[in-house]
Amino acid sequence: MAAAVVANGDSSKAAFAEIYSRLKEEMLEDPAFEFTDESLQWIDRMLDYNVLGGKCNRGISVIDSFKMLKGTDVLNKEETFLACTLGWCIEWLQAYFLVLDDIMDNSQTRRGQPCWFRVPQVGLIAVNDGIILRNHISRILQRHFKGKPYYVDLIDLFNEVEFKTASGQLLDLITTHEGEKDLTKYNLTVHRRIVQYKTAYYSFYLPVACALLLSGENLDNFGDVKNILVEMGTYFQVQDDYLDCYGDPEFIGKIGTDIEDYKCSWLVVQALERADENQKHILFENYGKPDPECVAKVKDLYKELNLEAVFHEYERESYNKLIADIEAHPNKAVQNVLKSFLHKIYKRQK
């Protein structure tokens, strides 16, 4: 790799992709375990299947955020490697969550291919693979950051974000999956809590926190940044809920199933808040059923309650508040990082 890596965008992606092979090789040569040929092949295939294949937005955000915090388009070789490595740790974390999440949700496909546990000969070995993926993060951090002054802070950060995400997943599972289907459990507070903990911390806060630590900053001084990013992650998930119902499947690449799946979606929560007794009865009768007629009735009710307009108003208010909060931050470089995140997602169509 060249001594310097230029600019954002494609160069970040190219640099990022290059580091994966090195990290994987180190995992396969880890002296802490006597691998057999069979176990090496398994891990090699398992990593490629689960860590690769996503858009890598979270991982690449570490590099781009670090560049903005440093005020440069060019990182030296060491800085590039460290930023990419932390980015890959987030992608490993994502893979760990998704492998286990798919088992819990009994999902069929992920990123256009069968979920890992549905691959022949894998099955519930996938649970152990999830544990291995999580352990790889600790090995990578130990190998490349142990001598750094912020090493303990990195460990604490990944541990805290993992705890928050797993707790958000628990709340989601016991609210939407377990026991009797009961829409009375769904409200804005519950939706917000699930979203914040399950998605916002690891998808939005974690990449920026990694970049701040790389820049030598103390995360205790950036509580406001954490709050803004968690708010942004919440807004992102509300968009997701909206697109699940109103997005063009051709464009977003999937057919929404939140209604059939009885999801605690922002739309159903808004509907419950606005519905009269008769409309609530329609929701209770039809929400969470795979029958296309039931789904159509729920969508008709959403139309009746004008939820598209409610969403656009929420989007406008969220954007204005986020911009105001970002511009109140004293550090211009931090402002740039936060605005770049916001502008990537504002009014997105997929």
Side-chain angles (χ1 to χ4, degrees), residues 97-98 100-110 115 164-201 203 230-249 252 254-318 350:
F97 288 144
L98 296 184
L100 297 180
D101 196 50
D102 287 341
I103 298 169
M104 288 181 259
D105 290 348
N106 202 25
S107 301
Q108 295 293 329
T109 59
R110 165 76 62 188
C115 297
K164 282 177 158 60
T165 308
S167 301
Q169 170 74 344
L170 172 68
L171 191 60
D172 189 21
L173 290 167
I174 62 177
T175 307
T176 63
H177 291 280
E178 287 305 311
E180 289 298 303
K181 289 186 170 179
D182 181 8
L183 276 182
T184 59
K185 289 198 284 190
Y186 290 5
N187 60 54
L188 215 46
T189 309
V190 168
H191 176 269
R192 185 180 179 79
R193 194 172 290 143
I194 290 171
V195 167
Q196 273 185 0
Y197 288 101
K198 190 180 166 184
T199 305
Y201 278 98
S203 297
V230 169
E231 200 55 51
M232 225 182 276
T234 305
Y235 161 61
F236 179 84
Q237 186 59 49
V238 171
Q239 282 179 314
D240 234 35
D241 290 356
Y242 172 80
L243 290 170
D244 184 272
C245 182
Y246 292 104
D248 176 358
I252 62 176
K254 62 178 181 182
I255 295 164
T257 58
D258 281 1
I259 294 171
E260 295 94 316
D261 294 343
Y262 205 74
K263 283 283 166 69
C264 183
S265 157
W266 184 83
L267 291 169
V268 78
V269 166
Q270 292 295 333
L272 286 164
E273 286 208 343
R274 289 170 166 72
D276 60 29
E277 285 312 308
N278 190 36
Q279 291 168 323
K280 273 187 185 162
H281 180 72
I282 293 169
L283 264 184
F284 277 72
E285 285 295 304
N286 296 286
Y287 198 74
K289 292 182 179 162
D291 181 347
E293 276 187 35
C294 296
V295 174
K297 282 179 187 168
V298 173
K299 288 191 174 181
D300 286 345
L301 181 59
Y302 286 176
K303 195 172 281 182
E304 217 176 285
L305 294 169
N306 208 4
L307 292 192
E308 276 196 79
V310 174
F311 169 75
H312 291 306
E313 177 61 16
Y314 163 84
E315 182 165 59
R316 190 182 61 77
E317 283 177 10
S318 292
K350 66 180 195 180

Q) Can you tell me how far OG1 of Thr234 sits from CD of Gln239, rounded to the nearest 0.5 angstrom? A) 11.5 Å

(Q) Between Leu188 and Gln270, is there a side-chain heavy-atom distance shorter than 4.5 Å? (A) yes

Q: Could you tell me which residues satisfy salt bridge (charged side-chain N to carboxylate O under 4.0 Å, His left out) with Arg192, sequence neighbours excluded, listed by chain and number?
A: Glu231

Q. Are Glu260 and Val295 close enough that some pair of their side-chain heavy atoms sits under 4.5 Å apart?
A. yes

Q. After noting the C-alpha distance and the side-chain angles of Phe284 and Leu272, does the key distance pass the side-chain contact (heavy atoms from CB on, under 4.5 Å) rule?
A. CA-CA 10 Å; Phe284 277 72; Leu272 286 164; 4.0 Å; yes

**Q.** Side-chain donor/acceptor of Asn286 to backbone N/O of Ile282, under 3.5 Å
**A.** yes

Q) Can you tell me how far CD of Gln169 sits from OG1 of Thr199, rounded to the nearest 0.5 angstrom? A) 9.0 Å

Q) Does Asp102 have any salt bridge (charged side-chain N to carboxylate O under 4.0 Å, His left out) partners at least two apart in sequence or in another chain, and if so, which? A) Arg110

Q. Just how far is it from atom CG of Leu171 to atom OH of Tyr197, taken to the nearest 0.5 Å?
A. 10.0 Å

(Q) Within this structure, what is the CD1-CG distance for the pair Ile103 and Leu98, rounded to the nearest 0.5 Å? (A) 11.5 Å

Q | Side chains of Val310 and Arg274 in contact at under 4.5 Å (non-hydrogen atoms) | A | yes

Q) If we only count heavy atoms from C-beta on, is the Lys263 to Asp241 side-chain gap below 4.5 Å? A) no

Q. Step by step, would you call Gln237 with Ile194 a side-chain contact (heavy atoms from CB on, under 4.5 Å)?
A. CA-CA 10 Å; Gln237 186 59 49; Ile194 290 171; over 6 Å; no

Q: Nearest 0.5 Å please: distance from the CG atom of Asn306 over to the CD atom of Glu313.
A: 11.5 Å

Q) Given Leu183 and Tyr186, is the side-chain contact (heavy atoms from CB on, under 4.5 Å) satisfied, shown in steps? A) CA-CA 5 Å; Leu183 276 182; Tyr186 290 5; 3.5 Å; yes

Q | Leu267 versus Cys245, closest heavy-atom pair with distance | A | CD1-CB, 3.5 Å

Q.
For the residue pair Lys164 and Tyr201, would you count it as a cation-pi contact if the rule is NZ or CZ under 6.0 angstrom from the ring centre and within 45 degrees of the ring axis?
A. yes

Q: Show your reasoning for whether side-chain contact (heavy atoms from CB on, under 4.5 Å) applies to Glu304 and Asp300.
A: CA-CA 6 Å; Glu304 217 176 285; Asp300 286 345; 5.7 Å; no

Q: Mark yes or no for whether Asp261, through its side chain, and Gly288, through its backbone, hold a donor-acceptor pair below 3.5 Å.
A: no

Q: Could you pull out all residues at least two apart from Glu273 that satisfy salt bridge (charged side-chain N to carboxylate O under 4.0 Å, His left out)?
A: none

Q. Heavy-atom distance under 4.5 Å between the side chains of Thr189 and Arg193, does that happen here?
A. yes

Q | Rounded distance [0.5 Å steps], CG in Leu170 versus OG1 in Thr165 | A | 12.5 Å

Q.
Can you tell me how the ring of Trp266 sits relative to the ring of Tyr314, calling it parallel under 30°, perpendicular over 60° and tilted otherwise?
A. tilted

Q: Could you tell me whether the side chain of Val268 reaches within less than 4.5 Å of the side chain of Leu283, counting heavy atoms only?
A: yes

Q) If every non-hydrogen atom of Ser265 is compared with every non-hydrogen atom of His191, which pair is closest and at what distance? A) C-CD2, 3.7 Å

Q. Do Cys264 and Val269 have side chains that get closer than 4.5 Å, going by heavy atoms?
A. yes

Q. Would you call the rings of His312 and Tyr242 parallel, tilted or perpendicular, where under 30° means parallel and over 60° means perpendicular?
A. perpendicular

Q) Are the side chains of Phe236 and Ser318 in touch, meaning some heavy atoms are under 4.5 Å apart? A) no

Q.
When you compare the side chains of Ser107 and Asp105, does any donor N or O come within less than 3.5 Å of an acceptor on the partner?
A. no

